[in-house]
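Structure record follows, encoded as structure tokens.
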Amino acid sequence: MKRITDVPNTSKEMQKIYDKFWDVSGDFRTLLPRIDDFLQKYPNYTEALVLKARSLMGIGRNSEALKCLKMAKRVDKWRLIGRFDEAEIYLEKKKNEESIKAYVEAVKAYAVELKNGMDSYQLCCNSESKDKLKELTQQALADFFAQDEENKPFEKLLDSFMKMKDEFHDY
């Protein structure tokens, strides 16, 4: 078995690419060769494929971007990143039916992941806490979608959960 230090820190390498993007004032044409170099080393790195797709979208090369997104999905069908980009590309290509299907699939994928994650977490909690956790989480999500303030509903949720933290466990 390899030690963790033997595994390349691809997240750190990706962060360098993102940093370079902002250093060059968001110039996608300058960014693309760096992404391609990264993909030469790690051809199945989903985030890099999606970043390449977004860069291609930024310069109007939507057909190529769509190929990158499809490759990313094929490599890692469980990743959610890039799902809405596919819908956007189809919309820009005036393929409304494909756009709508991709958009609904993206919403569904995130919703299923969210529900499964919430359900899994709540399995670890005692029955008295489960209902309260579910209620507070659903309220935070409703507040999030009803407001333009991204963090406030989740700050409130965190504060509420922290106050209840000693009540969660069954044991």
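Just so it is clear, the structure is predicted and the values come from calculations on it, not from any experiment.
Under a hydrophobic clustering in which Ile, Leu, Val, Met, Phe, Trp and Tyr are joined whenever their side-chain heavy atoms come within less than 4.5 Å, directly or via other members, Ile59 and Leu31 fall into the same cluster. Leu158 and Met164 fall into different hydrophobic clusters, where Ile, Leu, Val, Met, Phe, Trp and Tyr side chains are chained together by heavy-atom contacts under 4.5 Å. In this structure, Leu56 is not a member of the same hydrophobic cluster as Leu91, with clusters built from ILVMFWY side-chain heavy atoms closer than 4.5 Å. Under the 4.5 Å side-chain heavy-atom criterion for grouping Ile, Leu, Val, Met, Phe, Trp and Tyr, Phe145 is connected to Met118 within one hydrophobic cluster. Placement of Ile81 and Met71 in two distinct hydrophobic clusters is found when ILVMFWY residues are connected by side-chain heavy-atom separations under 4.5 Å, directly or transitively.
Between the Ser99 side chain and the Ala87 main chain, a donor and an acceptor come within less than 3.5 Å of each other. Side-chain atoms of Ser160 come within 3.5 Å of backbone N or O of Lys156 as a donor-acceptor pair. Here the side chain of Thr137 pairs a donor or acceptor atom with the backbone of Leu133 at under 3.5 angstrom.
Atoms CG and CD, from Asp131 and Gln122 in turn, are 8.5 Å apart once rounded to the nearest 0.5 Å. Distance CD/Glu113 to OG/Ser120: 10.0 Å, rounded to 0.5 Å. Note: Leu51 CG to Tyr45 OH = 10.5 Å, rounded to the nearest 0.5 Å. Separating the CE atom in Met14 from the CG atom in Asp19 is a distance of 10.5 Å, to the nearest 0.5 Å. To the nearest 0.5 Å, atom CZ of residue Phe154 and atom CZ of residue Phe144 are 5.0 Å apart. In this structure, NZ on Lys52 lies 13.0 Å from CZ on Phe38, to the nearest 0.5 angstrom.
A donor-acceptor contact closer than 3.5 angstrom links the side chains of Ser129 and Asn126. Side-chain polar atoms of Asp36 and Gln40 form no donor-acceptor pair below 3.5 angstrom. Inspection of the Tyr90 and Glu97 side chains reveals no N or O donor paired with an N or O acceptor under 3.5 Å.
Minimum interatomic distance between Ile35 and Ala48 (heavy atoms only, all atoms of both residues): CG2-O, 3.6 Å. Between Thr46 and Asp76, the shortest heavy-atom contact is OG1-CB, 3.3 Å. Closest of all the heavy-atom pairs between Pro153 and Ala140 is CB-O, 3.3 Å. When all heavy atoms of Ala65 and Met57 are compared, the pair lying nearest together is CB-CG, 3.6 Å. The two residues Ala109 and Arg83 make their nearest non-hydrogen contact at CB-NH1, 3.5 Å.
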List the steps and the verdict of side-chain hydrogen bond (donor to acceptor under 3.5 Å, both in side chains) for Ser63 and Lys93. CA-CA 9 Å; Ser63 294; Lys93 291 174 132 262; 2.8 Å; yes

What do the steps show when you test Lys115 against Asp119 for salt bridge (charged side-chain N to carboxylate O under 4.0 Å, His left out), and what is the final call? CA-CA 6 Å; Lys115 184 179 183 319; Asp119 289 348; 2.7 Å; yes

side-chain contact (heavy atoms from CB on, under 4.5 Å) for Lys132 and Glu135? Distances and angles first, verdict last. CA-CA 5 Å; Lys132 188 68 175 169; Glu135 177 187 329; 4.0 Å; yes

Does the pair Tyr18 and Glu47 meet the rule for a side-chain contact (heavy atoms from CB on, under 4.5 Å), with working shown? CA-CA 11 Å; Tyr18 284 116; Glu47 187 176 347; 2.8 Å; yes

Check step by step if side-chain contact (heavy atoms from CB on, under 4.5 Å) holds for Val50 and Leu69. CA-CA 6 Å; Val50 172; Leu69 290 173; 4.1 Å; yes

Show your reasoning for whether side-chain contact (heavy atoms from CB on, under 4.5 Å) applies to Leu141 and Leu114. CA-CA 11 Å; Leu141 291 168; Leu114 177 63; 3.6 Å; yes

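A 6.0 Å sphere centred on NZ of Lys67 holds no more than 12 heavy atoms belonging to other residues, nucleotides or ligands. Within a 6.0 Å radius of NZ in Lys152, other residues, nucleotides and ligands contribute 12 heavy atoms or fewer. Summarising the local packing, OH of Tyr103 is surrounded by 12 or fewer heavy atoms from other residues, nucleotides or ligands at distances under 6.0 Å. For Arg34, the CZ atom sits in a loose shell: 12 or fewer heavy atoms of surrounding residues, nucleotides or ligands are nearer than 6.0 Å.
Put simply, the side chain of Glu86 does not reach to within 4.5 Å of the side chain of Glu98, judged on heavy atoms.
We find that Asp37 and Lys41 are not joined by a salt bridge, their nearest charged nitrogen and carboxylate oxygen being 4.0 Å or further apart. Taking a cutoff of 4.0 Å between a charged side-chain nitrogen and a carboxylate oxygen, Arg61 and Glu64 qualify as a salt bridge.
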